[in-house]
Amino acid sequence: MLSYRQLNLLGLMTCITAMAFAVGYLQNHLELDPCPLCVLTRIVVMSMAVVFFIALIHNPGQLGQRIYGGINLLIGLTGFAIQLRHIWLQNLPPDEVPACGPGLEFLLQTQPVFGALRQVLQGSGDCAEIDWVFLGMTIPMQTALLFSFLLLLVAVQLKKRQRKLFN
């Protein structure tokens, strides 16, 4: 069984690898610009990475690990929900796809944060486009698998019992 520290390192490395793939390969190599939901997803992945990193460095006992795990559970479920919304948008019939909207940066500059987030989560035509497929899965489908794995790590972290040194 993996230790808390190993679970946090695995989660952190998974997040770093996912971000390197998204930015390095998809954005820079394939020149795919992220849609607003993709940007939001990156923020969620980076947030989980920060929590995994703090938990790795802090390395508290069982209660502390459960607190970090609980935080990452909420963040990861948010990311998974965003992916479900993104997959739904990509599977809409063409006549039901929302019109393309402004980018996330523009929305944040012109609206309050929650108003901008509400508009991003409603989706736009940009988010419905399928730019790249691997093994029959779109980027949001692959990212949903990423969140499934990260949530599995978090579940292990939450269920893990600290080993007793003496019986």
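Quantities reported herein were computed from a predicted structural model and do not represent experimental measurements.
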Sub-4.5 Å side-chain heavy-atom contact between [X] and [Y]:
| X | Y | answer |
| --- | --- | --- |
| Pro140 | Gln90 | yes |
| Arg85 | Cys127 | no |
| Gln65 | Asn59 | yes |
| Leu92 | Leu89 | yes |
| Leu150 | Phe80 | no |

Would you compute the distance between atom [atom1] of [X] and atom [atom2] of [Y] and round it to the nearest 0.5 angstrom?
| X | Y | atom1 | atom2 | result |
| --- | --- | --- | --- | --- |
| Arg5 | Leu10 | CZ | CG | 15.0 Å |
| Arg66 | Leu63 | CZ | CG | 8.5 Å |
| Thr14 | Leu9 | OG1 | CG | 9.0 Å |
| Leu7 | Leu153 | CG | CG | 6.0 Å |
| Trp132 | Gln142 | CH2 | CD | 4.5 Å |
| Thr78 | Leu40 | OG1 | CG | 9.5 Å |

Show, in sequence, the C-alpha distance, side-chain angles and deciding distance for Leu146 and Val45, and conclude whether the side-chain contact (heavy atoms from CB on, under 4.5 Å) test is met. CA-CA 9 Å; Leu146 167 71; Val45 172; 4.1 Å; yes
Test side-chain contact (heavy atoms from CB on, under 4.5 Å) applied to Ser47 and Ile43, Val51, Val44, the passing residue: Ile43
Does the Glu96 side chain pair with the main chain of Pro93, one donor and one acceptor, at a distance under 3.5 Å? no
Is the backbone N or O of Met1 less than 3.5 Å from a side-chain atom of Lys160, with the two atoms forming a donor-acceptor pair by type? no
For residues Gly76 and Met48, report the shortest heavy-atom separation together with the two atoms involved. CA-SD, 3.7 Å
Side-chain donor/acceptor pairs under 3.5 Å, residues 25-34, sequence neighbours excluded:
| residue | atom | partner | partner atom | Å |
| --- | --- | --- | --- | --- |
| Gln27 | OE1 | Arg42 | NH1 | 2.5 |
| Gln27 | OE1 | Arg42 | NH2 | 3.3 |
| Asn28 | ND2 | Val23 | O | 3.2 |

Show every ring pair (Phe, Tyr, Trp, His ring centres under 6.0 Å) that has at least one partner inside residues 38-67, sequence neighbours left out. His58-Tyr68
Mind checking who shares a hydrophobic cluster with Ile87, ILVMFWY linked at side-chain heavy-atom distances under 4.5 Å? Met137, Met141, Leu145
For the hydrophobic clusters of this structure (ILVMFWY residues joined by side-chain heavy atoms under 4.5 Å, transitively), does one cluster hold both [X] and [Y]?
| X | Y | answer |
| --- | --- | --- |
| Ile139 | Leu84 | no |
| Phe21 | Ile82 | no |
| Val154 | Ile57 | yes |

Kindly indicate, with the supporting measurements, whether the criterion side-chain contact (heavy atoms from CB on, under 4.5 Å) is fulfilled by Gln157 and Leu73. CA-CA 10 Å; Gln157 184 180 26; Leu73 178 67; over 6 Å; no
